[in-house]
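In what follows, a single structure is set out as structure tokens and then discussed.
Both ligands and their constituent atoms are indexed starting at 1 by order of listing.
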Amino acid sequence: MITQIQGLHHITSLAADANRNNRFFTDTLGLRRVKKTVNFDEPSVYHLYYGDEIGTPGTVMTYFPFPLAARGTPGTGEVGEIQFAVARDALDFWTDRLARLGLSDLASDTTFGQRRLRFSGPDGDGFALIERPDDTRGAWTGAGVPAESAIHGFSGARLRLQDDGATRELLEFMGYERAESEDNVTRFVRPNGNGADTIDLEVLPQGSAAQQGAGSVHHIAFAVPDRAAQAEVRKALLDTGYQVTPVIDRDYFWSIYFRTPGGVLFEIATNEPGFDRDEDTAHLGEALKLPERYEPYRDRIAARLDPITG
Ligand code: ZN
């Protein structure tokens, strides 16, 4: 078992429309856009990051908006629900707010002893707000969301799998401990993690495989403190037989990726250097930031992107 992984770092999904995506995360959910850049592998589309004030690992939801993307089809082998943490009694506020803002598929229940409010994002993304009274993290208060109701970051994520045997083993190897099960869902928790510390495995043996598209999660990233810890994790995964990519520089963190047995793409990302490496905290997410290799093409790249208003 390895001990370097602290919980989630970020989750990256696909979207269709950049402006609609931006409005949802900033105006509706009240998160802060902490970076506006491009997909480093496909610079004709944005890479938008939303989180707390500084994009603390464990709070960061990111998107690749492909303007003409068809909507994904939910299924197995993917992250089915992205869970954000809020304080006790915050769900009444959110139920009113989201209904007032036109969300029509709100559903509330209690799962693993926690109140949960489920809803869909603009591309059918599966989200939930989860009451986590134990969460000591701060919260960004954007768009009129009061501090006592604001999102603290991720609580965790739920993976939908046809079979979870090998993924259970992997999570335990990654330092997660098996907690309770409810029906066909088993919860794993990273003790003393960064707050974004739960992974739920939902087993659907007859489920058909997800088709990725707008509203689908592309990958889910776990946090390690630094590059030394990442190198240790990479070696441990390789020694266990996983096919892991080389280390890739993502400007705001360093990344390695590997495909898990259940089909979900995992990333291990460093907490360093962070989103303030190329702009002041006061102005995070405002200007279009490009990796150095694309700077010579800035005008051409910017001209192809739909300007984001707000
Ligand atoms: Zn990533």
Side-chain angles (χ1 to χ4, degrees), residues 4-15 18 21 25 31-43 45-52 54-66 69 72 77-84 121 123 125 127 153-154 156-157 159 170 174 190 193-194 196 199 210 212-227 229-231 233-234 237 242-260 262-278 284-285 289-291 294:
Q4 296 88 343
I5 291 170
Q6 302 166 316
L8 295 179
H9 185 287
H10 64 271
I11 297 176
T12 295
S13 290
L14 307 176
N21 181 259
F25 282 92
L31 299 182
R32 185 181 197 194
R33 191 177 70 236
V34 293
K35 196 61 63 183
K36 180 168 71 174
T37 182
V38 294
N39 181 330
F40 287 11
D41 305 313
E42 177 62 69
V45 302
Y46 282 114
H47 193 178
L48 302 175
Y49 291 77
Y50 311 98
D52 70 358
I54 57 167
T56 304
T59 74
V60 184
M61 186 71 220
T62 101
Y63 275 88
F64 300 135
F66 286 87
E78 68 172 355
V79 175
E81 184 176 274
I82 295 162
Q83 301 163 337
F84 295 102
D123 294 297
D125 326 48
F127 293 124
F154 295 120
L159 278 50
L170 171 62
M174 290 168 61
R190 173 65 171 94
N194 64 6
I199 296 289
Q212 204 165 71
S216 304
V217 172
H218 184 266
H219 64 266
I220 179 168
F222 295 83
V224 290
D226 52 31
R227 294 193 68 189
Q230 183 181 57
V233 170
R234 183 169 186 275
L237 288 167
Y242 286 99
Q243 305 281 318
V244 188
T245 67
V247 177
I248 300 170
D249 182 357
R250 296 302 187 193
D251 274 13
Y252 311 105
F253 44 87
W254 298 81
S255 299
I256 57 175
Y257 303 84
F258 63 104
R259 184 72 62 179
T260 64
V264 180
L265 184 61
F266 277 15
E267 174 182 348
I268 309 291
T270 58
N271 292 347
E272 59 178 9
F275 293 97
D276 57 357
R277 74 174 283 274
D278 60 358
L284 281 181
K289 292 295 176 183
L290 297 176
Y294 292 144

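Checked against the 6.0 Å centroid threshold, F222 and H9 do not count as a close aromatic pair.
Judged by distance alone, the side chain of K289 and the main-chain N or O of K35 form no donor-acceptor pair under 3.5 Å. Between the R190 side chain and the G7 main chain, no donor and acceptor come within less than 3.5 Å of each other.
Taking the ring-ring contact (aromatic ring centres under 6.0 Å, His included) definition, one finds that F40 meets it with nothing, sequence neighbours left out.
The shortest distance between side-chain heavy atoms of I220 and F266 falls below 4.5 Å.
Atom CD of Q243 has 12 or fewer heavy atoms from other residues, nucleotides or ligands within 6.0 Å.
Distances from the Zn ion (ligand 1) under 2.8 Å pick out these protein N/O/S atoms: H10 NE2, H219 NE2, E267 OE1.
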